[in-house]
Amino acid sequence: MLSSVPLAPLIALLGSDHVRTDEDSRRRGVSAWAPTVLKARQMGEVALPIAAVFPGTVDEVAALAEWCHRQRLSVIPVGGASSLRPFTPEDRPWLALMTERLQELSWDEESLLVTLGAGMAFEQAEETLNRHGYTLGHFPRTLRQSTVGGAVATNAIGWLSGKYGRIRDLTAGVEIVRFDGSIVRTDPAPGANTRFDGHDLLIGSEGAFGVVTSATLRMSPLPEARAFAVFSFPDFETGTDAARLIYRSDARPAALRLLDRASAAALADVPALLLMAFEGDEIVQTGHYQLAYAVCQEIGGTPLGPEIGDRWFERRYDVAWAAANGQPGTVVDLAAFTSVWSKSKGLFRSCQSALAGRSVQGFIELCHPSPNGSLLEIRYRTDDPDGDPANALRLHAEVTDRLTEACRSAGGSPVHPPGLRPTGDFGTAQENAEAAWKRLFEVGRRFPA
């Protein structure tokens, strides 16, 4: 397959250092946390790209896309390689587009906007902004690996979503390269995208319309203060009521997580543990803190020391659990299901039943609440006693199916169903996306060039 695609034009475009066909570079193109990908690598069954390419500018990405368009060759962007979903084409040659050289970082301090290249890691961007007194407020579990392009493509969400929202809420403008090499930019000015011009459609599109090359994000001044409130509850359902009533009131924690007993075990031996972080100007955050505190006490919560919140926040980036996927007989995965509040308790019980009484470890957390509903995040582990990766994948698939069915039967919706394959690349998605693009955008204002 390597010899069937002429790479000389790419080498002429990007330089020989930036078109790599050695095995190590090609393997980087399938680096991901997706357990199915890791198991395929362990069994020697993963499909490698024909090359890993490293464009350094949006114009190089555009030229690459246009060339691949003519070659009918798939391209899949790779950023921080922290994806939990499989993404490699199974039946055709493809290129891994490594975004690490797309490192733009510039900001408009007066407008509180910062433009970042797709390959910029959020940890690096945050450290830079912090030195100047600003923050993005986007702190995903994978902060140290997550890049701007991947976050925009997946509409990622971070720990402090209660204050800052998802990436869609933070993104003022986005730049993508389409399948045919054309460049699309949306205007970051407030109100510029009020008509349907596709701005929101591009965020979370998983590459269906092209490759994200940069994004203009909203930044905020660093908060003056951060405080934690921690409560235990007699059961997860009562803790769910507390979360619902807090978001029904004027209290708005920057972060709220309700942990079941298994998830809480490292912090406290309680049936359910509610952790809240409040931040902002001291006067403002104090009022929110007191209101949420009163709600928890009113429905039977027991206050615990704020130092538990400090410990929780310090280990919020701990992803050591994912390392277990390196063991051939072990599969660890993450599922996320959403529901309105009226179905949240039933969703929890249904997922709990799907995990009970079987050879699976499960950890359930309620997170990212809003006045209307919340998310259940479920981390689960299956082990094959003989260390057989194929059987471990079979067990994982069985549990995944049970959880997904439990979600649907309880009236929830899968947000991150394990094993879901993103739609976007320059191959199979092209025909459907091109037709949709023409239908959606043939009426309305044109994108600025």
Side-chain angles (χ1 to χ4, degrees), residues 35-36 39 84 141 231-244 256-275 300-301 312 318-325 327 329-369 373-420:
T36 51
K39 288 293 170 287
L84 284 167
R141 188 190 300 272
F231 283 82
S232 66
F233 287 92
D235 51 61
F236 197 90
E237 289 88 340
T238 306
T240 299
D241 279 333
R244 175 178 61 83
L256 182 149
R257 285 219 165 212
L258 175 66
L259 282 56
D260 72 351
R261 185 182 288 277
S263 290
L267 297 169
D269 183 15
V270 295
L273 185 67
L274 183 67
L275 301 136
W312 162 65
D318 180 10
V319 290
W321 52 268
N325 281 319
Q327 304 169 24
T330 298
V331 180
V332 181
D333 212 340
L334 197 68
F337 306 127
T338 188
S339 71
V340 295
W341 283 119
S342 59
K343 297 180 180 179
S344 293
K345 295 179 187 178
L347 177 59
F348 167 73
R349 289 190 291 266
S350 186
C351 290
Q352 191 179 47
S353 297
L355 295 171
R358 298 178 172 93
S359 57
V360 56
Q361 292 178 281
F363 307 84
I364 304 178
E365 299 183 11
L366 181 150
C367 54
H368 308 301
S374 63
L375 202 71
L376 274 191
E377 190 176 271
I378 303 166
R379 178 163 46 94
Y380 57 106
R381 170 175 173 159
T382 55
D383 291 277
D384 175 62
D386 298 323
D388 180 1
N391 198 42
L393 280 174
R394 182 187 62 78
L395 295 171
H396 165 260
E398 291 176 1
V399 176
T400 298
D401 289 344
R402 288 200 300 266
L403 281 172
T404 303
E405 178 55 34
C407 168
R408 289 175 176 149
S409 66
S413 296
V415 172
H416 171 43
L420 180 66

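Computed from a predicted structure; not experimentally measured. Residues: numbered from 1 along the sequence shown.
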How long is the gap from CH2 on Trp312 to CG on Leu267, to the nearest 0.5 Å? 9.5 Å

Lys/Arg-Asp/Glu bridge criterion (N-O < 4.0 Å) met for Glu365, Arg379: no

With sequence neighbours excluded, what pairs up with Phe231 under the ring-ring contact (aromatic ring centres under 6.0 Å, His included) test? Tyr293

Applying side-chain contact (heavy atoms from CB on, under 4.5 Å), can you list everything that pairs with Ala397, at least two apart in sequence or on another chain? none

When every non-hydrogen atom of Gly239 is compared with those of Leu258, the smallest separation belongs to C-CD2, 3.5 Å

Output for pair (Thr382 OG1, Arg394 CZ), nearest 0.5 Å, gives 10.0 Å

Would you compute the distance between atom CG of Leu376 and atom NE2 of His368 and round it to the nearest 0.5 angstrom? 11.5 Å

Residues at least two apart in sequence or cross-chain that pass side-chain contact (heavy atoms from CB on, under 4.5 Å) with Arg244, listed by chain then number, are Asp241, Arg248, Trp341

Shortest non-hydrogen pair, Ser350 vs Ala406, comes out as OG-O, 2.9 Å

List the residues meeting salt bridge (Lys or Arg N to Asp or Glu O under 4.0 Å) with Arg349, not counting sequence neighbours, and say none if there are none. Glu237

With the threshold set at 4.0 Å, does a side-chain nitrogen-carboxylate oxygen contact exist between Arg261 and Asp269? yes

Report yes if some heavy atom in the side chain of Tyr380 is under 4.5 Å from a heavy atom in the side chain of Val332; otherwise report no. no

Who pairs with Ser232 by side-chain contact (heavy atoms from CB on, under 4.5 Å), at least two apart in sequence or on another chain? Val270, Thr302, Leu304

Roughly how far, to the nearest 0.5 Å, is OG1 of Thr330 from CG of Asp384? 8.5 Å

Separation between CZ of Phe348 and CG of Asp235, rounded to the nearest 0.5 Å: 8.5 Å

Could you check if a side-chain atom of Val360 sits within less than 4.5 angstrom of a side-chain atom of Leu395, using non-hydrogen atoms only? no

I'd like to check the side-chain contact (heavy atoms from CB on, under 4.5 Å) partners of Ser339; sequence neighbours left out, ordered by chain and number. Lys343, Ser344, Leu347

List the atom of Leu259, the atom of Phe236, and the distance in Å for their closest heavy-atom pair. C-CE1, 4.0 Å

Of all the heavy-atom pairs spanning Arg381 and Asp383, show the shortest one and how long it is. NE-OD2, 3.0 Å

Which value, rounded to the nearest 0.5 Å, describes the distance between Glu405 atom CD and Cys351 atom SG? 11.0 Å

